[in-house]
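All remarks here apply to the structure that follows.
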Amino acid sequence: MKIQAVKGTRDFYPQEMRLRNWIMDAWRRVSIRNGFEEYDGPIFEYLDLFAAKSGPEIASQLFNFTDRGGRNLAIRPEITPTLARMVNAKINSLPRPIKWFSMPRLCRAENPQKGRLREFFQWNIDVIGENSVLADAECIYVCVDAMRELGLTKDDVQIRIGSRAVTTEFLKLIGVPDEKLDSILPVLDKRAKVPDEAFVEMAKNAGLDDKQIKHICEFQDLPAADAVKEYMIQHALVTGGGVVPGVGELQQLEEILAVFGIRDYWAIDFKVVRGLAYYTGIVYEVFDKGQSMRALAGGGRYDNLLEVLGGPKVGACGFGMGDVVLGIMLEEKGKIPKDLIEQRLDFFVINPDSARPKDGQDSNQVANNAIAGGRRVIEMVTQLRSRGVATDFDYSCFGMPLGKQLKEANRRGAAKAVIIQPDGQTVSIKDLSTGSQKDGVPIKDFLENPGRAS
RNA sequence: GUGGAUGUAGCUCAAUUGGUUAGAGCAUCGGGUUGUGGUCCCGAGGGUUGCGGGUUCGAUUCCCGUCAUCCACCCCA
């Protein structure tokens with residue numbers, strides 16, 4: 001009976017694992033140098049935890065099950081609810097701001113397609129307990145920092161920043177009643193993703209009239225916070241001296257991001273609204289600047305989520321970045337370093353004493369020498385390994401010719417071969433990439449500093 | 001959940017109008033060059049042609065069904 005991997009899942013053979021580790025090491029490095037601490041939670045939670053955040057219909061997209069005690073559980077499709085639960089549990093004792101990151105394995109029961117699988121990893125950066133726009137700015141900076149770390153430049157990606165506060169205020173000013181806001185925001189999120197006619201159709205179905213739709217389109221095409229205020233005054237939606245909620249905050253964000261030194265990486269784009277209901281302020285998505293308009297990360301401010309999950313009202317913001325689209329993009333753009341697939345071993349230890357007797361040699365003597373040489377190989381290997389140096393040897397070293405062992409050393413991607421001379425006192429160090437060899441190195445000297453051997 | 005495309009060795013692909021024992025490269029394994037590798041030479045293993053049925057003297061090839069994968073839609077945390 002042959003069973004294959006479940007669709008939408010991936011097997012990480014060593015080659016794929018190296019890429020995965022390379023990405024995740026970069027995520028962790030960037031997180032830590034930006035002052036974030038790592039956390040994780042269980043891979044499954046009560047179904048209600050996810051339903052509370054996103055509604056009961058979400059269950060169809062979850063892998064859920066009932067345990068033997070009758071509990072309704074689900075494998076996590078995202079980690080933010082877990083984060084909120086964990087923070088809520090200790091909210092009164094955690095020093096703020098809480099700057100945490102995680103790289104959870106997540107599952108969603110959807111049909112796989114390009115860039116979307118049923119199991120994946122997602123890097124999450126969150127700042128909890130800080131209402132200042134500085135926190136939003138820092139998250140965006142961390143995101144850019146990660147892009148750079150992975151070799152993606154301003155020519156490869158761009159962060160598009162919108163504001164739910166500004167958008168909501170604009171909708172109110174053009175006459176959209178409060179109770180309709182929740183159903184209209186997801187429609188605005190579609191603007192850049194569907195053809196114009198389809199967008200107009202959706203907007204009409206949501207209860208907007210032609211004039212409102214025209215206003216919305218013009219608003220969504222505005223390039224900056226300043227332009228919003230001008231547009232509102234120009235169309236007599238506000239008077240000159242009034243304060244428009246959200247606009248000042250967005251202006252601050254623009255200024256702070258400039259101070260962070262990442263001006264080339266972002267643009268204001270009110271077409272970015274995000275589909276989720278719980279976003280409350282600044283929202284953003286990272287796009288591939290090339291061919292497609294696919295998003296490889298997204299996030300924003302969610303000031304109500306902890307309260308929804310039974311905690312106090314505490315401000316929070318953050319973003320998530322999946323490994324699947326990122327991996328595809330890095331591959332397509334040739335950003336994956338070549339040496340990921342090479343040089344796994346520092347040393348490969350070799351016994352030059354073959355068990356094959358040459359003409360006129362005593363076969364017993366030759367065999368004994370080969371065994372003695374093999375023992376020296378293992379002794380040397382353990383010495384090097386105990387010093388933390390990646391070292392291996394050929395299982396056939398108790399008698400196979402030197403050439404075979406060198407072939408194996410090369411095949412295993414070793415940087416250097418260590419040939420233990422029959423005198424038992426010295427070694428020859430051969431650099432397998434250049435072919436140069438240094439003979440007569442005393443074993444004692446070599447072991448004192450294996451890294452310096454050449 | 002819907003639609004389209006594709007299923008031959010581990011991978012990439014061959015196989016004449018439907019016609020012997022389904023081939024090749026790479027990869028894997030073994031051997032050779034008798035103390036110096038990668039880049040040389042020889043050999044081997046590996047396929048119920050996704051699965052099931054039908055047409056036919058004969059099916060990898062034609063037809064039907066089914067399963068799987070990929071792509072797109074729906075949805076997007």
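Here is how names work: the chains are called A, B, and so on, in the same order as the sequence lines, proteins then strands, and each is numbered from 1. For clarity, every value in this text was computed on a predicted model and none was experimentally measured.
Heavy atoms of A:G435 sit under 4.0 angstrom from at least one base atom. At the heavy-atom level, A:Q421 lies under 4.0 Å from base atoms of the strands shown. Across all strands shown, A:R108 has heavy atoms under 4.0 Å from base atoms, whether or not it also approaches the sugar-phosphate. Here A:P104 lies out of heavy-atom contact (under 4.0 Å) with every strand.
B:rG4 sits 26 Å from B:rC11 when the C1' atoms are compared, rounded to a whole Å. The same atom, C1', is picked in B:rA9 and in B:rG45; the two are 11 Å apart, to the nearest Å. With both ends at atom C1', the span from B:rU6 to B:rC42 equals 38 Å, rounded to whole Å. Across B:rA59 and B:rU48, the matching C1' atoms stand 14 Å from one another, rounded to whole Å. Across B:rG30 and B:rU17, the matching P atoms stand 43 Å from one another, rounded to whole Å. Comparing B:rG3 with B:rA15, their P atoms sit 32 Å apart, to the nearest whole Å. Rounded to the nearest Å, the gap between the P atom of B:rC29 and that of B:rU34 is 23 Å. Nucleotides B:rA14 and B:rC71 are separated by 26 Å at their C1' atoms, to the nearest Å.
Taking the nucleotide of RNA chain B with the nearest heavy atom to each of A:V194 and A:L432, the more 5' of the two is matched to A:L432. A residue-by-residue look at A:E408 and A:E110 shows that A:E408 has its nearest nucleotide of RNA chain B further toward the 5' end.
Distances from the side chain of A:K190 to the nucleotides B:rU36, B:rC75, B:rG35 place B:rC75 closest. With B:rG37, B:rG35, B:rG32 as the choices, the nucleotide that has an atom nearest any side-chain atom of A:K430 turns out to be B:rG37.
Residues satisfying the salt bridge (charged side-chain N to carboxylate O under 4.0 Å, His left out) criterion with A:K404, sequence neighbours excluded, are absent altogether. With sequence neighbours excluded, no residue forms a salt bridge (charged side-chain N to carboxylate O under 4.0 Å, His left out) with A:R164. Every residue two or more places apart in sequence or in another chain that forms a salt bridge (charged side-chain N to carboxylate O under 4.0 Å, His left out) with A:R28 is listed here: A:E38. Listed by chain and residue number, nothing satisfies the side-chain hydrogen bond (donor to acceptor under 3.5 Å, both in side chains) test with A:E169 (two or more places apart in sequence, or in another chain). Partners of A:K204 by salt bridge (charged side-chain N to carboxylate O under 4.0 Å, His left out), not counting sequence neighbours, listed by chain and number: A:D210.
Distance A:Q15 CD to B:rG10 P: 18 Å, rounded to the nearest Å. The separation between A:M400 atom CE and B:rG35 atom C1' is 14 Å, rounded to whole Å. Put simply, CG on A:L402 is 12 Å from P on B:rG38, counting in whole angstrom units. Atoms CD1 (A:I419) and C1' (B:rU36) sit 6 Å apart, rounded to a whole Å. Rounded to whole Å, atom C1' of B:rC76 lies 11 Å from atom OH of A:Y279. In this structure, the CZ atom of A:R116 is 11 Å from the C1' atom of B:rC73, given to the nearest Å. Remark: P of B:rG1 and CD of A:Q61 are 13 Å apart, rounded to the nearest angstrom. The nearest whole Å value for the distance from the CG atom in A:D439 to the C1' atom in B:rU36 is 11 Å.
Side-chain N/O atoms of A:Q405 and base N/O atoms of B:rU36 include no donor-acceptor pair closer than 3.5 Å.
Between the side chains of A:S163 and A:E249, no donor-acceptor pair is found at a separation under 3.5 Å. For A:N111 and A:Q113, the side-chain atoms include no donor-acceptor pair closer than 3.5 Å.
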Watson-Crick and G-U pairing of RNA chain B written in dot-bracket, each distance under 3.5 angstrom, with | for inter-strand partners
(((((((..((((.....[...)))).(((((.......))))).....(((((..]....))))))))))))....
Output a table of donor-acceptor pairs, distance under 3.5 Å, between side-chain atoms of residues 127-140 of chain A and any protein atom two or more places apart or on a different chain; print 'none' if there are none.
from	atom 1	to	atom 2	distance (Å)
A:E130	OE2	A:S132	N	2.9
A:S132	OG	A:L134	N	2.9
A:D136	OD1	A:R301	NE	3.4
A:D136	OD2	A:R301	NE	3.0
A:D136	OD2	A:R301	NH2	3.0
A:E138	OE1	A:K99	NZ	3.0
A:E138	OE2	A:K99	NZ	3.3

Let me have the donor-acceptor pairs involving side chains of residues 391-399 of chain A, under 3.5 Å, with sequence neighbours excluded, atom names and distances please.
from	atom 1	to	atom 2	distance (Å)
A:T391	OG1	A:V389	O	3.0
A:D392	OD1	A:R385	NH2	3.3
A:D392	OD2	A:R412	NH2	2.7
A:D394	OD1	A:S396	N	2.8
A:D394	OD1	A:S396	OG	2.8
A:D394	OD2	A:S396	OG	3.4

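Of the residues listed (A:V157, A:L150, A:D288), the one engaging A:K333 in a side chain to side chain contact (heavy atoms under 4.5 Å, CB included) is A:D288, and it is the only one.
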Using a cut-off of 4.0 Å between protein heavy atoms and nucleotide atoms, how would you tag nucleotides 39-45 of chain B 5' to 3' with B, S and -?
-B-----
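The list of salt bridge (charged side-chain N to carboxylate O under 4.0 Å, His left out) pairs with a residue in residues 314-324 of chain A, not counting sequence neighbours, reads A:R10-A:D323. Listed by first then second residue, pairs satisfying side-chain hydrogen bond (donor to acceptor under 3.5 Å, both in side chains) with a partner in residues 304-313 of chain A read A:N304-A:K313, not counting sequence neighbours.
Taken from NZ in A:K416 to OG1 in A:T434, the straight-line distance is 8.5 Å, to the nearest 0.5 Å.
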Give me the distances for all protein-to-nucleotides 68-72 of chain B N/O pairs that come in under 3.5 Å?
from	atom 1	to	atom 2	distance (Å)
B:rU69	OP1	A:K7	N	3.3
B:rC71	OP2	A:K114	N	3.3
B:rA72	OP2	A:K114	N	3.3

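Dense packing is recorded around OH of A:Y265, with more than 12 heavy atoms of other residues, nucleotides or ligands lying under 6.0 Å away.
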